[in-house]
Amino acid sequence: MKVSLIAALGRNREIGKDNDLLWHLPSDMKFFRDTTLGHYVIMGRRNYESIPERFRPFAGRTNVVISRNADFHAPGCIVCSSLQDALHTAEDNGEQEAFIIGGEQIYALALQHDVVDTMYLTHVDAAYPDAHAHFPEFFPGEWRRTLLNSHGTDERHAFSFDIFRYDRNR
């Protein structure tokens with residue numbers, strides 16, 4: 001099974017503040033939806049809880065929430081106790097490409113454990129010095145980077161952004 005990671009990050013790797021997104025970029029949200037549709041999406045409990053209730057679980061995807069709390073329940077989701085358990089669950093059910101969708105701790109675990117084959121990273125041209133959550137540092141030399149889309153500012157997008165696909169050099 002291929003393991004992919006998908007995230008949007010600011011100039012300084014910012015991904016969130018107060019358990020919420022830092023920006024509203026409809027075209028990037030469409031890219032997220034279109035890319036993950038039909039796949040397993042794996043997220044941490046706090047990331048799951050940050051999703052507005054009307055959007056969870058994400059429709060058209062198998063939602064997997066990681067929580068160390070054995071009593072945690074997420075209606076319409078599979079709850080696993082670890083990233084490894086979540087990945088095994090996806091693979092055991094025939095998933096071809098599982099997506100890790102956050103948050104900060106889950107991204108860090110996935111990169112530390114060297115389980116990520118591909119990253120879809122949206123680089124937002126914005127900086128948030130008071131952000132609470134950051135995407136982990138990674139070594140660009142370990143990845144082949146391909147530009148998928150560039151988007152400028154407009155009436156629906158306050159910030160410009162570029163979407164890149166990073167494939168691990170193996």
Side-chain angles (χ1 to χ4, degrees), residues 1-23 28-29 31-33 35-52 55-58 61-124 128 130-146 163-170:
M1 176 182 72
K2 179 178 180 178
V3 178
S4 294
L5 178 153
I6 191 165
L9 49 147
R11 286 186 208 132
N12 300 306
R13 301 182 346 275
E14 310 96 317
I15 59 173
K17 179 181 178 194
D18 297 329
N19 216 22
D20 201 1
L21 297 175
L22 299 169
W23 39 70
D28 182 54
M29 294 303 281
F31 173 78
F32 172 85
R33 185 188 69 237
T35 304
T36 61
L37 200 61
H39 294 283
Y40 276 64
V41 290
I42 299 169
M43 68 198 92
R45 177 195 50 81
R46 285 186 293 195
N47 192 46
Y48 169 77
E49 290 174 342
S50 75
I51 300 166
F55 295 120
R56 63 182 192 214
F58 286 122
R61 288 153 274 208
T62 301
N63 291 238
V64 180
V65 181
I66 300 169
S67 176
R68 291 181 293 257
N69 179 352
D71 295 326
F72 180 75
H73 297 285
C77 300
I78 299 168
V79 178
C80 293
S81 61
S82 69
L83 176 60
Q84 291 77 12
D85 185 28
L87 292 171
H88 288 303
T89 298
E91 188 168 34
D92 290 348
N93 285 292
E95 177 60 78
Q96 297 298 306
E97 182 177 15
F99 284 86
I100 296 169
I101 66 168
E104 178 180 32
Q105 290 179 1
I106 304 302
Y107 288 141
L109 277 173
L111 290 171
Q112 287 168 6
H113 290 243
D114 197 27
V115 298
V116 179
D117 301 299
T118 300
M119 297 189 294
Y120 296 91
L121 299 181
T122 299
H123 294 275
V124 181
Y128 283 85
D130 58 344
H132 296 144
H134 293 79
F135 192 80
E137 289 191 46
F138 64 95
F139 301 104
E142 294 178 1
W143 304 86
R144 272 184 330 279
R145 186 171 96 155
T146 305
I163 301 173
F164 289 93
R165 176 178 157 161
Y166 291 78
D167 293 296
R168 187 176 291 281
N169 295 324
R170 294 199 191 241

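Asn63 CG to Phe58 CZ: the interatomic distance, rounded to the nearest 0.5 Å, is 7.0 Å. Between the CD1 atom in Ile6 and the CE atom in Met119 there is a gap of 12.0 Å [rounded to 0.5 Å]. Interatomic distance, Met43 CE to Ile66 CD1, rounded to the nearest 0.5 Å: 9.0 Å.
Counted within 6.0 Å of CD on Gln105, heavy atoms from surrounding residues, nucleotides or ligands total 12 or fewer; the atom is thus considered open.
Within the 3.5 Å criterion, the main-chain N or O of Val3 finds a donor-acceptor partner in the side chain of Asp117. Asn19 places a side-chain N or O within donor-acceptor distance of the main-chain N or O of Arg46, the cut-off being under 3.5 Å. Between the Arg56 side chain and the Ile51 main chain, a donor and an acceptor come within less than 3.5 Å of each other.
Between the side chains of Asp167 and Thr118, a donor-acceptor pair is found at a separation under 3.5 Å.
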Step-by-step side-chain contact (heavy atoms from CB on, under 4.5 Å) determination, Leu37 to Arg61: CA-CA 6 Å; Leu37 200 61; Arg61 288 153 274 208; 4.3 Å; yes
Criterion side-chain contact (heavy atoms from CB on, under 4.5 Å) on Leu9 and Glu14, from CA distance to verdict: CA-CA 5 Å; Leu9 49 147; Glu14 310 96 317; 5.9 Å; no
Side chain to side chain donor-acceptor pair (under 3.5 Å) between Asn12 and His134, intermediate numbers included: CA-CA 8 Å; Asn12 300 306; His134 293 79; over 6 Å; no
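Checked against Met1 for a side chain to side chain contact (heavy atoms under 4.5 Å, CB included), the options Glu95, Gln96, His88 give a single hit: Glu95.
Listed here is the closest heavy atom pair of Pro136 and Leu111: CG-CD1, 3.6 Å. Here the closest non-hydrogen pair linking Ile42 and Ala98 is CD1-CB, 4.1 Å. For the pair Ala8 and Asp28, the tightest heavy-atom approach, listed with the atom from each and the gap, is CB-OD2, 3.6 Å. Of all heavy-atom pairs spanning Ile101 and Asn47, the tightest one is O-ND2, 3.3 Å. Looking at every heavy atom in both residues, His113 comes nearest to Gln84 through ND1-NE2, 3.0 Å. In plain terms, the two heavy atoms of Leu22 and Lys17 that are nearest each other are CD2-CB, 3.5 Å.
For residues 4-23, every residue pair satisfying the ring-ring contact (aromatic ring centres under 6.0 Å, His included) rule, not counting sequence neighbours, is listed here: Trp23-Tyr128.
Note: Tyr107 and Phe135 have tilted aromatic rings, judged against thresholds of 30 and 60 degrees for the angle between ring planes. Ring planes of Tyr120 and Phe99: tilted class, angle from 30 to 60°.
In this structure the side chain of Arg168 reaches within 4.5 angstrom of the side chain of Asp114, judged on heavy atoms.
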Please tabulate, for the side chains in residues 68-83, all donor-acceptor contacts under 3.5 angstrom to protein atoms that are two or more places apart in sequence or on a different chain.
residue, atom, partner, partner atom, Å
Asn69, OD1, Asp71, N, 2.8
His73, NE2, Asp71, O, 3.4
Ser82, OG, Asp85, N, 3.0

